[in-house]
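Beneath this line is the structure, given in structure tokens, with notes to follow.
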Protein chains: 2
Amino acid sequence: MGQNQLAAVPEPKYWHLRTVLVRTIDQEFSTGQVLPNERELAARFGVARATLRQALDQLELEGRLVRRRGIGTLIAAPRVGVPVSRREEGWPGVSRSQAWREVGCVSAPATPQLAQALGVEAGSLVHTVRRIRLVQGQAMATESLHVPDAALRALPRVVGRSAQTEADPARLVLRQLERLVIEGESRSVELGVAEAEEASLLERPPGTPVLVVTTQYAGAGKIAALSVSTYRADTCKLTFGETGLVEVTPVQEPQPVGAAS
Amino acid sequence: MGQNQLAAVPEPKYWHLRTVLVRTIDQEFSTGQVLPNERELAARFGVARATLRQALDQLELEGRLVRRRGIGTLIAAPRVGVPVSRREEGWPGVSRSQAWREVGCVSAPATPQLAQALGVEAGSLVHTVRRIRLVQGQAMATESLHVPDAALRALPRVVGRSAQTEADPARLVLRQLERLVIEGESRSVELGVAEAEEASLLERPPGTPVLVVTTQYAGAGKIAALSVSTYRADTCKLTFGETGLVEVTPVQEPQPVGAAS
DNA sequence: GAGTGGTCTAGACCACTAA
DNA sequence: TAGTGGTCTAGACCACTCC
């Protein structure tokens, strides 16, 4: 690593530092390598440790770095493309890969908020299955799948229940959902942060940025299920491929802007 | 606002502070109101200003607060749902709303990176249109629309060019694109930060978190265009509604996790 | 125990906004 | 000019990992 000085520029030091670090990382480091420790980096660039950390915060948000307490700061692997489009990805019974693991299930009266989101009466019974999505053995997302009991009651009875499904409400709900005909889905994505329980499922500290994917599944003119998933924003790139094309490595620097109208 | 003390808890102060502030905001403040200033809040909670700011940073990332230099910290409006699904949203000529405004256009040989993403030879001519997406008069996103010249050359000649389109390369490219038959689109979403130029187009400081939407448009078995859009993560909720259903107010607190298998 | 990142402090100064 | 958020400093201590 070169550069021992920071130029006197009108932009904030931490931002300029980030730029320098991006260049350094891209040119002189590769995935998994550890950067010099924060105190040394700060000294090398002639800034306070807090200022250096401000720059590292940015780079971590961008998914370029991973910081591990007691270990050091590592160059992060490129983000993993995670398919979320097509109902096959999240809907039970269709995914051949064992991508989701159930971690719990509660059946309770709907809170007013949830009832409104599901289009049912407040207080009516709703099953909530909690799952984790594993990609390459890593927890990449958590999901709360809310299913109105009314949507299940309309289904033909599940026959031949095994003792296992009897004892496992999550699996029972999922098994029943397999029979539900989905007519459409509506989805939204926004930025959020993982709170305590979610964060621990993702094996990340609280406050970790996540991409919150909310999916309404429609069936029989109503909302058959509502899925709220939180994907690790640092390591995930959500893909909505309807027609799988060439794999894209994102273009880093946009073209300069020419004269405009 | 109540609470003048922070309980002694094992979690970080800033995180507990965030929790307290979330509750306070939801219960005692409404959109557009200004919070007490940082120095006063810090004193009231008995923490250093830097610690308070750490909590506010989180809330700003979540889109709950907006901080304006010289003004104060305001309660943010709920995020705006921005449709990005269906090619009608971004594709020229189809949107009846004047959602996009061109700000520039360059035609240049493709960089190796861009060439690979487009599936064309490095150095071949690519047109890049730069646009801003306006929602309710606000700049919500920037876009770089990359179009290989080869994809345009395959089209029937645009007839009756007005003097206006002659003088405006961006509009000319967009006009030609209207005639292009799109067979499919493939899309990805990930978290990023706005750098200098992008940030200024979005009227935000550098480092602003954005949702980066990359869309491949397929035509004639090739990539007809590649769109890279950056949406303000603080104010945008991207919607991918294929079948428009009920408007959802997202469920804030996930259900508690029951026993699992 | 040594080394790492994570948290927290108390203070300073700057850039911006509004009266 | 007064008040706001934004940046930066120098230092302290803690929690964690590894040897």
Side-chain angles (χ1 to χ4, degrees), chain A residues 6-19 21 32-61 64-76 193 196 199-200 203-209 234, chain B residues 6-19 21 32-61 64-76 193 196 199-200 203-209 234:
Chain A
L6 246 48
V9 283
E11 68 188 354
K13 276 189 187 177
Y14 80 89
W15 186 253
H16 182 235
L17 200 46
R18 171 196 164 277
T19 308
L21 286 170
Q33 278 192 293
V34 305
L35 254 55
N37 73 60
E38 296 183 350
R39 290 163 180 87
E40 181 182 334
L41 280 178
R44 192 180 302 190
F45 289 108
V47 299
R49 191 176 155 220
T51 303
L52 173 79
R53 280 183 60 82
Q54 222 175 329
L56 294 182
D57 285 345
Q58 288 281 344
L59 296 174
E60 196 175 28
L61 194 67
R64 294 173 177 271
L65 296 180
V66 181
R67 290 191 278 188
R68 295 208 198 136
R69 194 197 293 235
I71 306 286
T73 302
L74 322 180
I75 311 298
V193 303
S200 79
E203 298 162 25
R204 298 256 55 196
T208 298
D234 55 345
Chain B
L6 246 48
V9 282
E11 67 187 356
K13 277 189 187 176
Y14 80 88
W15 185 253
H16 182 234
L17 200 46
R18 171 196 165 277
T19 307
L21 286 170
Q33 278 192 293
V34 305
L35 253 56
N37 73 60
E38 296 184 350
R39 290 163 180 87
E40 182 182 334
L41 279 178
R44 189 179 304 189
F45 289 107
V47 299
R49 191 176 154 219
T51 303
L52 174 79
R53 281 183 59 81
Q54 221 175 331
L56 295 181
D57 285 345
Q58 288 280 345
L59 296 175
E60 196 175 28
L61 194 67
R64 293 172 177 270
L65 297 180
V66 182
R67 290 192 277 188
R68 294 206 200 138
R69 194 199 291 237
I71 306 286
T73 302
L74 322 180
I75 311 297
V193 303
S200 79
E203 299 163 24
R204 297 256 55 196
T208 298
D234 56 345

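Predicted, not measured: the structure shown is a model, and the values here were computed from it. We use all heavy atoms of the structure for the numbers below, so side chains are in, but hydrogens, waters and symmetry mates are not. Naming: A, B, ... by sequence-line order, numbering from 1 per chain.
- For Y14(A) and dC8(D), the shortest distance from a side-chain N or O to OP1 or OP2 is not below 4.0 Å.
- Here the P atom of nucleotide dT4(C) and the CG atom of L65(A) are 16 Å apart, to the nearest Å.
- Within 3.5 Å, no donor on the side chain of R39(B) pairs with an acceptor on the base of dG3(D), nor the reverse.
- One atom, CD1 of I71(B), and another, C1' of dA18(C), lie 7 Å apart when rounded to the nearest Å.
- Between L17(A) and T51(A), the shortest heavy-atom contact is CD2-O, 4.4 Å.
- Rounding to whole angstrom units, CG of residue L56(A) and C1' of dT4(C) are separated by 13 Å.
- Between K13(A) and dG6(D) there is no side-chain polar atom (N or O) within less than 4.0 angstrom of OP1 or OP2.
- Dashed line: the shortest gap from a side-chain N or O of R53(A) to OP1 or OP2 of dG5(C) is not under 4.0 Å.
- Between E40(A) atom CD and dT4(C) atom C1' the separation is 13 Å, expressed in whole Å.
- Distance R69(A) CZ to dG5(C) C1': 7 Å, rounded to the nearest Å.
- Each of dA18(C), dA10(D), dG6(C) was ranked by its minimum atom distance to the side chain of A48(A); first place goes to dA10(D).
- Regarding contacts with the backbone of dG5(C), a side-chain N or O of T73(A) is found under 4.0 angstrom from either OP1 or OP2.
- For a distance-only test at 3.5 Å, the side chain of R68(B) fails to qualify as a donor-acceptor partner of the base of dG6(D).
- Look at R18(A) and D57(A) and you find no salt bridge, because none of the NZ, NE, NH1 or NH2 atoms lies under 4.0 Å from a carboxylate O.
- Between T51(A) and dT9(D) there is a side-chain N or O to OP1 or OP2 distance below 4.0 Å.
- Separating the CZ atom of R49(A) from the P atom of dA12(D) is a distance of 13 Å, rounded to the nearest angstrom.
- The distance between atom CG of L41(A) and atom C1' of dT4(C), rounded to the nearest whole Å, is 12 Å.
- Put simply, N37(A) has a side-chain N or O that comes within less than 4.0 Å of OP1 or OP2 on dT4(C).
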